Amino acid sequence: LSAGFSPPGAVEMFRAVGNFSHGTALDELAGLAQKASVASGAAPARPAAGTLTALARVGPYLTETYFDQIFETGLEVLLEGFARRLPART
């Protein structure tokens with residue numbers, strides 16, 4: 001509010017950051033759970049050769065190695081969008 005956002009706008013942004021953060025945490029937990037499952041001997045699901053080629057190319061970047069970078073990029077995009085919505089100060 002002190003930055004100039006309306007009460008509804010402030011709530012929308014609060015919820016956007018909260019939902020993004022919660023979704024990211026759930027996604028990371030699911031990835032870690034799958035990793036633990038594979039480590040315990042479960043066979044990982046693998047698509048048939050030649051299918052889902054785009055997913056195969058980005059797959060390495062969906063691992064825990066990139067969790068922080070992906071979160072920070074997403075948060076940066078949200079904050080940049082919020083900044084564009086700020087009313088002009090006179």
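Here the structure is a predicted model, which means the values were calculated and not measured.
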Expected output: side-chain Thr53 to main-chain Gly50 donor-acceptor under 3.5 Å: no

Within one Ile-Leu-Val-Met-Phe-Trp-Tyr cluster: Leu52 and Leu62, side-chain cutoff 4.5 Å: yes

same_hphob_cluster(Leu86, Val77) at 4.5 Å side-chain heavy-atom cutoff: no

Joint hydrophobic cluster, Val11 plus Val17, side-chain heavy atoms closer than 4.5 Å: no

Atom pair CG/CZ of Leu55 and Arg57 - distance to nearest 0.5 Å: 11.5 Å

Residue pair Pro87 / Gly4: nearest heavy atoms and the distance that separates them: CG-O, 3.1 Å

Gln69 CD to Phe67 CZ distance, which is reported to the nearest 0.5 Å: 12.5 Å

Gap separating the CD1 atom of Ile70 from the OG1 atom of Thr65, nearest 0.5 angstrom: 9.5 Å

Reported CG-to-OG1 distance for the pair Leu78 and Thr73, which is rounded to 0.5 angstrom: 11.0 Å

Of all pairs that satisfy side chain to side chain donor-acceptor pair (under 3.5 Å), the ones with a partner from residues 4-18, not counting sequence neighbours: Glu12-Arg85

Non-neighbouring partners of Thr24 that pass side-chain contact (heavy atoms from CB on, under 4.5 Å), sequence neighbours left out: Phe20, Glu28, Phe71

